Amino acid sequence: MVNINPNGLLPKRIAVTGGAGFVGSHLCEALIARGHEVLCIDNFYTGARTNVQHLLGHPRFELMRHDITFPLYIEVDEIYNLACPASPVHYQFDPVQTLKTSVIGAINTLGLAKRLRVPVLQASTSEVYGDPEVHPQTEDYWGNVNPIGPRSCYDEGKRCAETLFFDYHRQHGLGIKVVRIFNTYGPRMHPNDGRVVSNFIVQALRGEDITIFGDGSQTRSFCYVDDLVRGLIAMMESPAEVVGPFNLGNPSEFTIRQLAEAVIRLTGTKARLVEKPLPQDDPKQRKPDISKAETQLGWQPAIALEEGLTRTIAYFDTLLAGGMDAPHLGAAR
Ligand code: NAD
Ligand code: UDP
Ligand code: UDP
């Protein structure tokens, strides 16, 4: 008998590399909810079992500890490649490993997809645009990236991974999907990974100084994780000829100071704002043009910053109160 999932689709076996991370854990959850079998592959470098604890007993979920810089022989119908540390603090901790994960990890993932002849999605990043001179960023902009700076291991690694995806597509006819993810936030962000949303919320809830780097006039556009996950799945389920790259992000742009003020208002904290030095090569502005994803995937974000922040604050509030398993609360690596 053919097994039909709750959405009336045939279930698939889907591999998610980096599935125990922040975005990956939400993606695994959404794919399970759609009736698929999920093989979560992670070396727990920045992710953790606790992120997928609630899925561990599920009959259609399997967790595998594996480093994607080593070959992997499995049988699946689709692959999402999310494995890579994503916050500057994490990806700069061991830059060589970051590059290996992006480049060798992409080669292994593509080799796997090529042997199986299955579609493979790459979680690329807005960082491929570097410190952009085009605003908002469209997919045809080639970027302004320093090849030898402290962010290069991430930016150039992701750029090389995109090149590999498009070369496997052209050379081997592989079914690829490339999305460039813009700043995403939500529950299960690592509280110590140094990213701005988690930093500000944790500082506000603890009543510590809220650290604005530079004068806070630099901008970012923040996408709530549920919106992003919908976009990832829409991309994977799009027709084979749709390969991207597509920007996925929320085009509402805020200065970092505005973000800090929103967090202060929503938490009611007495914490005060302090300015710290701006890190080297910190992009001054970032805002996605999402017209391609809108027209070709029918996707757009639905959750406004205030609503998303409220949900994320509630998560961190419980976490910090000790109401959750949190090996994460140690120092950032
Ligand atoms: P994250 O650090 O929470 O998740 C990354 C996961 O990959 C972790 O679970 C980590 O343990 C795993 N990993 C790292 N190296 C690995 C390796 N060699 N082998 C196997 N697993 C490995 O980060 P995230 O925010 O969930 O990001 C997920 C993906 O989305 C990343 O590829 C990131 O570059 C991309 N992305 C995220 C954002 C964002 O704002 N969150 C923005 C742009 C792109
Ligand atoms: N690979 C893998 N799993 C597979 C098939 C390949 O991990 O199921 C790895 C393999 O180690 C190889 C890489 O993917 O080094 C690239 O594979 P490809 O077939 O493109 O190249 P080749 O095997 O010729 O190096
Ligand atoms: N930032 C900040 N205070 C913090 C952490 C980050 O002002 O405590 C700034 C950082 O300099 C950058 C922006 O917030 O301009 C976003 O930083 P994040 O590390 O979250 O992401 P990315 O720089 O990769 O967009």
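We count ligands from 1, going down the list as the structure has it; atoms in each ligand are counted the same way. Every heavy atom of this structure was used, including side-chain atoms; hydrogens, water molecules and symmetry mates were not. Owing to the predicted nature of the structure, the values given are computational and were not obtained by experimental measurement.
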Heavy-atom contact under 4.0 Å between Pro88 and ligand 3?
yes
Please say whether the positively charged group of Arg311, taken as NZ for Lys or CZ for Arg, lies over the ring of Tyr224, i.e. under 6.0 angstrom from the six-membered ring centre and within 45 degrees of the axis.
yes
Check Thr211 against ligand 3 and report side chain, backbone, both or neither, counting heavy atoms closer than 4.0 Å.
both
Parallel, tilted or perpendicular, as decided by the 30° and 60° cut-offs, for the rings of His172 and Tyr168:
tilted
Is it true that Lys158 lies under 4.0 Å from ligand 1, counting heavy atoms only?
yes
Heavy atom under 4.0 Å from ligand 3: found in Val196's side chain, backbone, both, or neither?
both
Considering the options Leu305, Thr184, Ile181, which one meets the side chain to side chain contact (heavy atoms under 4.5 Å, CB included) requirement together with Cys223?
Thr184
Going by atom types alone, do Arg180 and Ser126 pair a side-chain donor with an acceptor below 3.5 Å?
no
Can you tell me which portion of Arg195 lies within the under-4.0 Å heavy-atom range of ligand 1? Options are side chain, backbone, both, or neither.
side chain
Hey, could you give me each pair passing salt bridge (charged side-chain N to carboxylate O under 4.0 Å, His left out) that has a residue in residues 91-120? Not counting sequence neighbours.
Glu75-Arg115
Does ligand 1 have any atom sitting under 4.0 Å from a heavy atom of Asp67?
yes
So is Tyr185 touching ligand 1 or not, going by heavy atoms under 4.0 Å?
no
Quick one: does Met189 get a heavy atom under 4.0 Å from ligand 1?
no
Which option out of Ser124, Ala123, Gly18 puts a heavy atom nearest to atom 44 (C) of ligand 1?
Ser124
Can you pull the residues with any heavy atom under 4.0 Å from ligand 2?
Pro71, Leu72, Tyr73, Ile107, Asn108, Gly111, Leu112, Lys114, Arg115, Tyr168
